[in-house]
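Only a predicted model underlies this, so the values are computations on that prediction, with no experimental measurement involved. Note that these values count all heavy atoms, side chains included, but never hydrogens, waters or copies made by symmetry.
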Amino acid sequence: MTTDQDLPMDHQSSTALFAAKGIDVTTNKDQGVIKVIKHPGVDGDRPMIGDRVTVHYTGKLVTGKKFDCSRERKEPFCFNVGKGQVLRAWDIGVLSMQRGEVCTLLCKPEYAYGAAGNPDKIPPSSSVVFEMELIKFEGEALTGDGGIVRRIKVKGEGYTNPNDGSVVNVHLEGRCGDRLFDCRDVSFIVGQAEDKSIPLGVDRAMDKMQKGECCLLYLKPKYGFGSEGKPEYKIGPDKDIVYEVTLKDFQRAKDSWEMDLKEKLDVSAEVKNKGNQYFKAGRYYQAVIQYQRIISWLEIEYGTGEVQQKKIQDYILTSHLNLALCFLRLKEFTQAVDNCNKVIELDENNEKALYRRGEARLCRNEFSLALADFQQVLQVNSANRAARAQISICQSKIKEHHEKDKKTYANMFQKFAERDAKVSRLHNNINCMYLNDDVSLCHWITRVKLICCVIQWPNSLAV
């Protein structure tokens, strides 16, 4: 173990001391990053490529001069390790650490600031020393809700990723707890993994992977087998699962810019049918993928003639309407409203869009807005009995809401009245004390204190 006082004053002796006391953590063992452990970490897991790590660090020249320190800023530093977001030496060093470990890294220029150095801080071609503490690490969240978390065991090659429609060849190992329930080599089309009994989370992770990558995917039920479970795998409802996925090879689908309009329209028909199949089967997330593909292809296209332009608009309108219906089923009401708005921008009297927007707004407790939508539906089609029924529900909800408000405000005004009465009594007592010459000053102060203790002045009004 070494300390800051052990650090020598020149590069050659620094390397010698670190080499004697530390280990070379570079892959090619060129002594580019030598690590000396100052405080061992907790035995167990180490960070994997892509993990979100939190560290404290102090950077010094080999002379001992400090040039940066996170502790002085009283804020740890976070980054995704192994992704090239920081110095090469940091990626290499942190991947070798355990949680809670404190170590010192001697870093050659080519692993740190290079030949140029860092103006005003690091001289050109300088070795530097970092003291690092690994506070914590966690997998990389691939979705905003944290439902898919990835940890990369083996980094892939190249810079391309599968896209929706790509054909991928993968090796899968699925586990629930300690039990292996799925182990196979399989090919599938990205966006249609459901057809091969592969969970949504694996499908949605594909466009983040590179050829040769092996990763662990931690899937919440929404991205696994949901509330239904998977009887064929003996997995019950609402279970977290883990898949180890190796992307062996893939063939990308054509991007939008690689297709002409005729090809986009032809493929849109196939994709629409696939989306409808998923919708009828209750696989709404999978249906969403298909309908969104159509919109991504056609939303900025313009036909060469009236017939072709109408065909484009029909596909876009239908896709947004279908997306709205999917999001209603998924209880994602904001996205349902957004898709209805897209339709209404193109067709302000679209009966289905108005009705579905009304449904979404009703579910968001926006009763007046929902009522307006259903009333507009009747203006478009006075025979729409479902809209009439929804209007009655909205009117009932609005009345119920008003009654609740009346009670709330009545309670609020009662509390104001009670408070004013207490204040009035306080003023009266103080006036009486001023008028009574026989009350001593000490007695007067004591009475005021007692009255103030009785009256509690609230910070906010509870109703």
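Between the CD atom of Gln390 and the CD atom of Glu359 there is a distance of 6.0 Å, given to the nearest 0.5 Å. Within the model, atoms CD of Glu157 and CD of Gln210 stand 9.0 Å from one another, a figure rounded to the nearest 0.5 Å. A distance of 14.0 Å separates CD1 of Ile37 from CE of Met132, quoted to the nearest 0.5 Å.
Salt-bridge check for Asp266 with Lys264: failed, with every basic side-chain N at 4.0 Å or more from each acidic carboxylate O. A salt bridge does not link Asp30 with Lys108: none of the charged nitrogens is closer than 4.0 Å to a carboxylate oxygen. Taking a cutoff of 4.0 Å between a charged side-chain nitrogen and a carboxylate oxygen, Asp164 and Arg204 qualify as a salt bridge. Electrostatic pairing of Arg73 and Glu75 does not count as a salt bridge here, judged by no charged N lying under 4.0 Å from a carboxylate O. Note on Glu228 versus Arg283: salt bridge recorded, some NZ/NE/NH1/NH2 to OD/OE distance being below 4.0 Å. A salt bridge links Lys38 to Glu131: one of the charged nitrogens lies within less than 4.0 Å of a carboxylate oxygen. Salt bridge Asp195/Lys274: present, at least one basic N to carboxylate O contact under 4.0 Å. Salt-bridge check for Asp145 with Lys222: passed, with a basic side-chain N closer than 4.0 Å to an acidic carboxylate O. Between Arg357 and Asp373, at least one side-chain nitrogen of the basic residue sits less than 4.0 Å from a carboxylate oxygen of the acidic one, meeting the salt-bridge criterion.
Between Gln85 and Asp91, the closest heavy-atom pair is N-OD2, 4.5 Å. Listed here is the closest heavy atom pair of Pro162 and Met206: CD-O, 3.2 Å. Closest approach of Ile316 to Leu346, counting heavy atoms only: CG2-CD1, 4.1 Å. Contact record, Leu105 with Gly93: CD1-CA, 4.0 Å, taken as the closest heavy-atom pair. In this structure, Ala370 and Gly358 approach most closely via the heavy-atom pair CB-O, 3.4 Å. In this structure, Ala353 and Cys340 approach most closely via the heavy-atom pair O-SG, 3.5 Å.
Within 6.0 Å of the NZ atom in Lys352, the count of heavy atoms belonging to other residues, nucleotides or ligands does not exceed 12. Within 6.0 Å of atom CD in Glu232, more than 12 heavy atoms from other residues, nucleotides or ligands are found, so the atom counts as buried in its surroundings. Atom CD of Glu263 is surrounded by more than 12 heavy atoms from other residues, nucleotides or ligands within 6.0 Å. Counting non-hydrogen atoms of other residues, nucleotides and ligands closer than 6.0 Å to CD of Glu110 gives a total above 12. Around the NZ atom of Lys262, the shell of radius 6.0 Å holds no more than 12 heavy atoms that belong to other residues, nucleotides or ligands. Enclosure of atom CD in Glu306 is not indicated, since only 12 or fewer non-hydrogen atoms of other residues, nucleotides or ligands lie within 6.0 angstrom.
Counting heavy atoms from C-beta outward, Ser268 and Val271 have side chains that stay 4.5 Å or more apart. Residues Phe250 and Val167 have side chains not in contact (no heavy-atom distance under 4.5 Å, counting atoms from C-beta outward). For the pair Lys35 and Thr104, the minimum side-chain heavy-atom distance is 4.5 Å or more. Contact of the Val202 side chain with the Leu219 side chain is registered, since non-hydrogen atoms from C-beta on lie closer than 4.5 Å. Side-chain contact between Asn365 and His401: absent, with no pair of heavy atoms (C-beta onward) separated by less than 4.5 Å.
For the residue pair Glu332 and Gln335, a side-chain donor N or O sits within less than 3.5 Å of a side-chain acceptor on the partner.
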Next on the checklist: Evaluate Phe327 against Phe333 for ring pair (Phe, Tyr, Trp, His ring centres under 6.0 Å), listing each step before the verdict.
Outcome noted: CA-CA 6 Å; Phe327 287 126; Phe333 304 119; over 10 Å; no

Checklist entry - Passes side chain to side chain donor-acceptor pair (under 3.5 Å), Tyr291 versus Asn339? Steps please. => result CA-CA 11 Å; Tyr291 300 136; Asn339 278 280; over 6 Å; no

Checklist entry - Can you check ring pair (Phe, Tyr, Trp, His ring centres under 6.0 Å) on Phe279 and Tyr284, steps first, answer last? => result CA-CA 5 Å; Phe279 182 86; Tyr284 303 120; 5.3 Å; yes

Checklist entry - Do Glu173 and Arg175 pass the salt bridge (charged side-chain N to carboxylate O under 4.0 Å, His left out) test, and can you show the C-alpha distance, the side-chain angles, and the key distance before you say yes or no? => result CA-CA 7 Å; Glu173 293 184 13; Arg175 289 179 171 80; 3.4 Å; yes

Checklist entry - Should Lys310 and Asp314 be marked as a salt bridge (charged side-chain N to carboxylate O under 4.0 Å, His left out) after you check the CA-CA gap, both sets of side-chain angles, and the distance that decides it? => result CA-CA 6 Å; Lys310 185 178 185 307; Asp314 287 345; 3.0 Å; yes

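Using bins of under 30°, 30° to 60° and over 60° for the plane-to-plane angle, the ring pair Tyr113/Phe130 lands in the tilted bin.
Both tests pass for Arg88 against the ring of Tyr111: distance under 6.0 Å to the centre and angle within 45° of the axis. Both tests hold for Arg99 against Phe137: distance to the six-membered ring centre under 6.0 Å, angle to the ring axis within 45°.
A donor-acceptor contact shorter than 3.5 Å links the side chain of Ser70 to the backbone of Tyr57. Checking side-chain atoms of Asp203 against main-chain N and O of Gly191 turns up a donor-acceptor pair under 3.5 Å.
The residue from Tyr218, Phe181, Tyr223 that alone fulfils the ring-ring contact (aromatic ring centres under 6.0 Å, His included) condition with Tyr243 is Phe181. For the side chain to side chain contact (heavy atoms under 4.5 Å, CB included) test with Val25, the passing option among Leu95, Val94, Val33, Ile34 is Val33; the others fail. Partner of Glu140 under the side chain to side chain donor-acceptor pair (under 3.5 Å) criterion, chosen from Lys208, Arg150, Arg151: Arg150.
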